[in-house]
Amino acid sequence: MDITDRKLAEEKLLDSEARYKAILDAIPDLMFRISRDGEYLDLKSEGANLTLTREEIVGKHVQELLPSDVATISLEAIAKTLDTGTLQICEYQLPTPLGVKDYEARLVVSGEDEVLAIVRDITERKQAEISLQNLAQKFAKAFSCSPDSITISTIQEGRFIEVNDSFVNLSGYERDETIGKTSFELDIWVHDRDRLNLLQELQATGVARNLEVEFRQKSGEIITAMLSAEVIDLDGTPCILAVHHDITERKQVEAQLRLSAQRDRLLAETLVRIRSSLNLDQILQTTVTEVRQFLQADRVFISLNNANLGVRTLAESVDPKYPSVSGWSTNDEAYLQEVRNLLKDNLVRVFEDITQMAVSPKVRAHCRKFQTKASLAVPIMLGNELFGALIANQCSGSRHWQPIEIDLLKQMSEQVAIAIQQSQICQKLAELNTNLEHQVEERTAQLQQKMQEVEKLHRVKDVVLHTVAHDLRTSVMGNLMVLKNLLNQGVGSGEGDKGTRGQGRIIEQVSLLSPPNAQSPIPVSRSIIERMIQGNDRQLTMINSLLEINSCEKQGIDIKLEPVQFSNLLGGTFAQLEPMLTQNQATLKNLVPADLPLVMADGTLLQKVLANLISHSLQNNPPGLNFILSATVEAGMIRIQIRDDGVTMSKLECDRLFDLHVRDPQDCCSTNIGLKMYLCRKVLTAHGGEIGVISNRKRGLTFWFTLDLLQKSLNHPSPTLPL
């Protein structure tokens, strides 16, 4: 038998099966063959995310694998597919290990009493649809609830497609009056060029931001809005989505602020002129010129009300188109009295339309003569007396005077009153100037004479100080030489203070110095001679301190600055203080680091400062005092502290310790110590440092002073001779 056709048909069938199999394999969706009663006959799961194996599905019923509600939907769809022979689509959700998933099943008849179900995961699509729905709802709410006016209109014609409630409130047009109409039909644009500018910007960039435009409301009122717009596509039609923010009130406030700023500037400049100039005519003329410019009025002038001179104009600024009131005056007492009555009790008079003002025929004739249509008059008061008035006129027509304009004239009238009072005071001062200059010359001559007398007294003081100091130094040094010689001879004999032989030796020395015919010698103990030596030492130190202070006050302290290692400086100081510390049974503990940075100082003067501070504590405390010396580096300076465990002082005493004064007349050393402390402060001030004392909480004092480091002194050098 010829089976060529059959073989060809079989080959085509195999090719067709292979092609369809390739197509099925390429489809990532799940495919199930399901019988009418819901039994899974076969499946194709390659490429699909399936949690069950083939063996766990084939042969099972849909009610065994699916939730009851999904199984019911599936059986109904299978039955409908087989009964109608048409494609059926159903959507459902299934819980999975990755969460709840959305699926779409497409069912077609695949054989007798069986269907082919193609199942696709549509979770992402459903989520996207939900997001779009939510977004659409948000935009719809934002569109309808926005406090700003929003419109959608065509680009070509400007025909409104949609508007929100805020547009209805802003424009005054109802929604049904707007939809389908163009902006030109509603005559919304005040300036057609504004829409042209909007279209040009949209064509160039696709967006427009913060365009300030003016719109006309249904009532005809003009409003100002900030317009922002974008081009959108609405069902294939290019449209404009526009947002209008009403800034009318803001613009009005800005205008008021500008006027307020101009008013404040004008007032400030007027006040400056009044304070800096004595030319009253110039002040008044500048005032009326700037007030007219601010008010944009036709005429502003200042009139004088004088019982003898009548009414006359002091200054005026007027538009050339209208007559000037400068030079006009009148002595008509009836007219003057009416004008005074208008401004009596310091009242501001506002006339928006002169024709509606109840005045006498004379005043009305005056207004016609100078073409005055509206007027604003503010009195100028000097105390309780009416000096004149600051008046603004509008000649072009009636005018509504704003509160800020009235307030400006009131404040300017006060400034003009100040200028007038200042001018009157200056006139009085000029009259007194001649007498005052004569008095000043006399006082100057007397002062010069007194200064000459003071200079003579200073010269006498210096002569007396040096003369007395010279005589005192000679006397004291002579006494010291004699007393020390006697004391040394007594010590040289090897006998003590209290031994009678030692006392006799001192008496013998004293008697040798007495005249031959002197009476018998008076016995003097060793302690008395020592006290006499101490007293003469204090007197000599006080004399030297007085001379040093006098030189310091007149010429300053001469310091020789050089790099100094503070720890090395202490060695010489300790050697100098050793006898004093031993005599007073005192100890000094040195905690100053050896590696301190160099300071720029005069070593000799610093040693004197340290000695004075320690001697102060020794002389004001009983024997056995303990000192602690320390130093730290703080903010480019060395801070030196000397702490003792002696008596304390009050805060007032601490504050006054370094002042030049006598603290306690009962203290025999008070003057000497005060001078030394004062010199210590002068030395530290000359070095650019500070000095002070702190009374410790429990006992003792802490002296401190500061010195600049070498590097800081090089950057900021101090003068060699400080004042």
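Every value quoted in this text rests on a predicted model; they were computed, and no experiment measured them. Numbering starts at 1 and runs along the sequence shown.
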Crowded around [X] [atom1]? As in, over 12 foreign heavy atoms under 6.0 Å?
| X | atom1 | answer |
| --- | --- | --- |
| E249 | CD | no |
| Q293 | CD | no |
| Q156 | CD | no |
| R643 | CZ | no |
| K410 | NZ | no |
| E690 | CD | no |

Taking [X] for the side chain and [Y] for the main chain, is one N or O donor matched with an acceptor at less than 3.5 Å?
| X | Y | value |
| --- | --- | --- |
| E230 | G206 | no |
| T178 | E174 | yes |
| S183 | I188 | no |
| T123 | D102 | yes |
| T248 | T224 | yes |
| T154 | R159 | yes |
| H191 | R193 | no |

Any luck finding a side-chain donor-acceptor pair between [X] and [Y] under 3.5 Å?
| X | Y | result |
| --- | --- | --- |
| D246 | S149 | no |
| T151 | S153 | no |
| E201 | N197 | no |

Which pair of non-hydrogen atoms, one from [X] and one from [Y], has the smallest distance, and what is that distance?
| X | Y | answer |
| --- | --- | --- |
| A392 | L409 | CB-CD2, 4.2 Å |
| L376 | E405 | CD2-O, 4.2 Å |
| L107 | A117 | CG-CB, 4.2 Å |
| Y322 | Q371 | CD2-OE1, 3.3 Å |
| T86 | T81 | O-CG2, 3.5 Å |
| A229 | L198 | CB-CD1, 4.0 Å |

Does the side chain of [X] reach to within under 4.5 Å of the side chain of [Y], using non-hydrogen atoms?
| X | Y | value |
| --- | --- | --- |
| L94 | L66 | yes |
| M637 | E634 | no |
| Y40 | L65 | yes |
| M31 | L116 | yes |
| Y173 | V168 | no |
| L227 | D194 | no |
| D298 | R399 | no |
| N210 | S228 | yes |

So, taking the atom named [atom1] in [X] and the one named [atom2] in [Y], what distance separates them when rounded to the nearest 0.5 Å?
| X | Y | atom1 | atom2 | result |
| --- | --- | --- | --- | --- |
| Y103 | C90 | OH | SG | 13.5 Å |
| M226 | R209 | CE | CZ | 13.0 Å |
| E177 | K218 | CD | NZ | 3.5 Å |
| L707 | L709 | CG | CG | 9.0 Å |
| Q88 | D83 | CD | CG | 9.5 Å |
| Q217 | S171 | CD | OG | 7.5 Å |

Between [X] and [Y], does at least one N-O distance fall below 4.0 Å, as a salt bridge requires?
| X | Y | value |
| --- | --- | --- |
| K251 | E214 | no |
| K181 | D187 | no |
| D165 | R175 | no |
| R250 | E254 | yes |

Problem - Among R120, K101, R125, the one residue meeting salt bridge (charged side-chain N to carboxylate O under 4.0 Å, His left out) with E91 - result: R125
Exercise for the section: Only counting residues at least two apart or in another chain, list the ones meeting side chain to side chain contact (heavy atoms under 4.5 Å, CB included) with V243. Expected result: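 Per chain and number, V243 pairs via side chain to side chain contact (heavy atoms under 4.5 Å, CB included) with D148, I150.
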Handout entry: Any residue meeting side chain to side chain contact (heavy atoms under 4.5 Å, CB included) with K698, in chain and number order, not counting sequence neighbours
Key = none
Exercise for the section: Report the C-alpha distance between H400 and E352 in whole Å, list the side-chain angles of each, state the deciding distance to 0.1 Å, and finish with yes or no for side chain to side chain contact (heavy atoms under 4.5 Å, CB included). Expected result: CA-CA 6 Å; H400 171 67; E352 297 185 351; 2.8 Å; yes
Exercise for the section: List the steps, then state whether side chain to side chain contact (heavy atoms under 4.5 Å, CB included) holds for D319 with R299. Expected result: CA-CA 6 Å; D319 190 316; R299 183 191 301 116; over 6 Å; no
Handout entry: E104/I89 under side chain to side chain contact (heavy atoms under 4.5 Å, CB included): CA gap, chis, key distance, verdict
Key = CA-CA 7 Å; E104 178 190 76; I89 300 175; 3.8 Å; yes
Exercise for the section: Take L186 and F160 through the test side chain to side chain contact (heavy atoms under 4.5 Å, CB included) and record every step on the way to the result. Expected result: CA-CA 10 Å; L186 298 177; F160 290 105; 3.8 Å; yes
Exercise for the section: Indicate the ring-plane relationship of F215 and H244, choosing parallel, tilted or perpendicular according to the 30° and 60° boundaries. Expected result: perpendicular
